[in-house]
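Here the structure is a predicted model, which means the values were calculated and not measured. Indexing begins at 1, ligand by ligand and atom by atom, following the structure's order.
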Amino acid sequence: MDVNLAASLTQVLRLDDASQVGHARRVVQKLAEQHGFAPTDAGRAAIVATELSSNVLKHAEQGELHVRVLAHGEQCGIELVAVDRAKGFDLPSCLVDGYSTGGTQGIGLGAVSRLAQVFDVHADAGGAVVLARLYPQEHPARDLRIGVSHHSLHDDPACGDTWHVALGEQRLSALVIDGLGHGEEAERAAKAGAHAFAQDPFRAPEQLLGELHHAMAGTRGGAVAIAQYQGVSDKLDFIGIGNIGATLVGGERPRGLASHPGIVGGQYRKGQVFDYAHVKGNLLIMFSDGLQSRWNLQIYPGLAHRHPAVIAAVLHRDFCRGRDDVTVLVIDLETVHG
Ligand SMILES: [Mn+2]
């Protein structure tokens, strides 16, 4: 059965004062309840939000909690990512129960790792990123090694970037769209394309691109990239128009995937499918131009082996331009093989 991951924006909660811990807890609890979490599951999410936020204040004095709904078809999860830029994150200490307490309510990251179905950490000289994903206890979704950092400029409710991932039997189809500019008109363009894509994400890439072009006509248009991976033949097809970056990481050296210039929904001369063989176990990273393209995962020891949601958060933290919407989609192609 195919699983569709629909776009959901990353909500950023700033943490630089103890009062914001309570705010983070309330936001997360409410979000969980709104997405069908039972009271005990929503309470669990709230505790994790409290702990991650308290830990940021204790260890870094300031940072952010990134909150996103994981919309996997009918099932929902909640993703929390604590992001800071402080040096000297001490994971072993943070995992000890009671470390973050200061004699109050804290129970430490050790408890977070037990309360969340997915827990992962990357820490280096640039700071720390701590991931927790929570699913309802009774119907836990299979966690997918797919991560996204998806932000609108200035946290505007409208976002000109969007994305979609469909996962089927031994195959995957991923889309990133950057509607021209930002704001509501850009969002309209991007959503028109994503809607057309979602009708049948496994059509041939040239055909999909044609259908997105048609669906986005009459809007501002935008940049589009589509990647399709076939697990059986271990081959990735890529087609792109405009400025969506895409890189395969995990081979001898990173491979950049080629796009042609133009505007989907406006004008482009040609779309061309490029195929890339022997990519099993690689990371596929697709990103809008709100992210600088000069990043290199190799400068982060061990990061390529962390959960893709951690990788997306680190790249966003360090390479976001801050003047456009930004999307970083990271897919471990191994997830296709179950
Ligand atoms: Mn852009």
> If you look at every heavy atom in S53 and A24, which pair is closest and at what distance?
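Reported closest heavy-atom pair: OG-CB, 3.6 Å.
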
> Below 6.0 angstrom between ring centroids: does that apply to H151 and H66?
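Centroid distance H151-H66: below 6.0 Å, so yes.
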
> Determine, using ring centers only, whether H213 and Y268 are less than 6.0 Å apart.
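Judged by ring-centre distance (under 6.0 Å), Y268 and H213 do meet the cut-off.
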
> Cation-pi between R171 and F202: NZ/CZ under 6.0 Å from ring centre and within 45° of the ring axis?
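Yes, a cation-pi geometry holds between R171 and F202.
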
> Less than 2.8 Å away from the Mn ion (ligand 1), how many protein N/O/S atoms can be counted, ignoring water?
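Considering protein N, O and S only, the Mn ion (ligand 1) has 3 within range.
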
> With a 4.0 Å cut-off on N to O distance, would you call D289 and R323 a salt bridge?
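Between R323 and D289 there is no salt bridge, as every charged N stays at least 4.0 Å from the carboxylate O atoms.
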
> If you group Ile, Leu, Val, Met, Phe, Trp and Tyr by side-chain heavy-atom gaps below 4.5 Å, do I47 and L52 land in one group?
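Yes; tracing contacts between hydrophobic side chains, which count when under 4.5 Å, links both residues.
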
